[in-house]
Amino acid sequence: MGGPVEGGFSVAFDPLDGSSIVDTNFTVGTIFGVWPGDKLTGVTGRDQVAAAMGIYGPRTTYVIALKDIPGTHEFLLLDEGKWQHVKDTTEIGEGKMFSPGNLRATFDNPDYAKLIDYYVKEKYTLRYTGGMVPDVNQANKVHGDVDSGLTTMDAPHKSRQPQVTNSFIHNPYILEIHAH
C-alpha cells in the first residue's frame with residue numbers, strides 16, 4: 001500500500017450511511033477512504049490508497065479495496081465473531097439496475113435528469129433503500145450495475161458540501177469499483 005513514513009495516513013468516513021433508515025430495519029453501512037499524508041486538503045480520489053465499506057444487515061460484511069492489489073475483497077462476520085474471506089471480485093459485469101441518490105438534483109441539473117430518464121427509458125430496474133452503502137453493495141453484488149449520487153450546490157442539507165461528500169462517499173466507491 002505504501003505511503004509516507006512521516007505524516008502517516010488520513011481517513012475520511014461516513015460512520016453510519018443510511019442512519020435515516022435504521023428505524024425501518026433496512027441494511028445500513030459504513031464507508032471510508034484512506035489517503036497518504038496528514039491532511040485531506042488538496043487530495044483527490046486518485047491519491048487514495050485504500051477504501052472499505054461495511055454492510056450491516058441480515059449479514060455483516062466488509063468489502064476492502066487496496067490501491068496496489070487488484071480487485072475487492074469481501075469478508076463475512078461469522079456467528080462466532082470471526083471474519084471469513086468469502087469473495088474476491090476483479091471485474092464488474094453489465095446489468096440493468098440503478099440506484100439514484102438525490103433525485104432532487106434532477107431539478108437543478110439537466111444532465112442528471114437526462115441520465116435518470118435514460119435509465120428509465122432503457123428499462124433499468126430501480127433499487128433504492130435510502131442508504132448509498134447498501135445500494136452500491138446490492139448493485140455490485142447482484143449485477144455489477146450503477147449507483148448515482150449527484151450533489152449540487154442548490155440542493156438542501158449535506159448535498160451542499162460536494163467536496164466532503166466526494167471525499168467520504170464517492171471516492172471510496174470509485175477506488176472499490178476501479179479495483180475490479
Side-chain angles (χ1 to χ4, degrees), residues 10-34 40 45 48 50-65 72-87 89 92 95-109 112-113 115-117 119-120 123-177 180:
S10 295
V11 177
F13 67 99
D14 183 347
L16 189 56
D17 176 64
S19 59
S20 64
I21 59 174
V22 168
D23 289 343
T24 64
N25 204 28
F26 282 3
T27 298
V28 295
T30 296
I31 187 156
F32 64 88
V34 180
L40 291 173
Q48 204 171 189
M53 64 179 179
I55 301 95
Y56 319 117
R59 300 172 0 132
T60 298
T61 60
Y62 253 84
V63 179
I64 299 170
T72 60
H73 314 280
E74 183 177 354
F75 297 85
L76 171 67
L77 181 60
L78 301 174
D79 290 341
E80 59 271 14
K82 295 181 181 178
W83 290 94
Q84 178 180 343
H85 180 251
V86 292
K87 185 177 181 184
T89 302
I92 297 175
K96 299 277 280 189
M97 183 169 50
F98 77 110
S99 179
N102 194 8
L103 281 175
R104 290 181 303 249
T106 59
F107 294 103
D108 303 325
N109 186 319
Y112 190 47
L115 177 64
I116 299 302
D117 286 345
Y119 291 145
V120 171
K123 298 184 167 106
Y124 279 60
T125 301
L126 171 67
R127 291 290 184 261
Y128 181 70
T129 64
M132 192 175 283
V133 168
D135 289 343
V136 166
N137 184 61
Q138 181 188 22
N140 287 333
K141 194 170 228 22
V142 175
H143 297 290
D145 294 340
V146 294
D147 183 282
S148 57
L150 187 70
T151 58
T152 71
M153 293 306 288
D154 296 331
H157 64 80
K158 65 182 175 183
S159 296
R160 292 187 181 183
Q161 301 170 17
Q163 293 84 5
V164 173
T165 301
N166 282 336
S167 291
F168 69 80
I169 295 181
H170 298 141
N171 286 332
Y173 288 131
I174 290 167
L175 178 61
E176 289 190 8
I177 290 168
H180 288 53

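Values reported hereafter were calculated over all heavy atoms of this structure, with side chains retained and with hydrogens, waters and symmetry mates removed.
- Among all heavy-atom pairs drawn from His85 and His73, the shortest one is NE2-CB, 4.1 Å.
- The minimum heavy-atom distance linking Gly18 with Val28 is given by the pair O-CG1, 3.3 Å.
- With rounding to the nearest 0.5 angstrom, the CE atom of Met53 is 11.0 Å from the CD1 atom of Ile64.
- Taking Tyr62 as the reference, Tyr56 meet the side-chain hydrogen bond (donor to acceptor under 3.5 Å, both in side chains) condition, with sequence neighbours excluded.
- By the side chain to side chain contact (heavy atoms under 4.5 Å, CB included) test, Thr106 pairs with Leu103, Tyr112, Ala113, Ile116, sequence neighbours left out.
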Requested in this report: Please test Leu16 against Val22 for side chain to side chain contact (heavy atoms under 4.5 Å, CB included), starting from the C-alpha separation and ending with a verdict.
Outcome: CA-CA 9 Å; Leu16 189 56; Val22 168; 4.1 Å; yes
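- For the side chain to side chain contact (heavy atoms under 4.5 Å, CB included) test, residues two or more places apart in sequence or in another chain that qualify with Phe26 are Ile21, Thr24, Thr129.
- Interatomic distance, Asp17 CG to Thr27 OG1, rounded to the nearest 0.5 Å: 11.5 Å.
- Side-chain contact between Thr125 and Phe98 is absent, with no heavy atoms from C-beta onward closer than 4.5 Å.
- The distance from the NZ atom of Lys82 to the CG atom of Leu77 is 12.0 Å, given to the nearest 0.5 Å.
- Relative orientation of the Tyr119 and Tyr124 rings is tilted, given thresholds of 30° and 60° on the angle between their planes.
- Looking at residues two or more places apart in sequence or on another chain, you find a side chain to side chain contact (heavy atoms under 4.5 Å, CB included) between Leu76 and Arg59, Thr61, Leu78, Val86.
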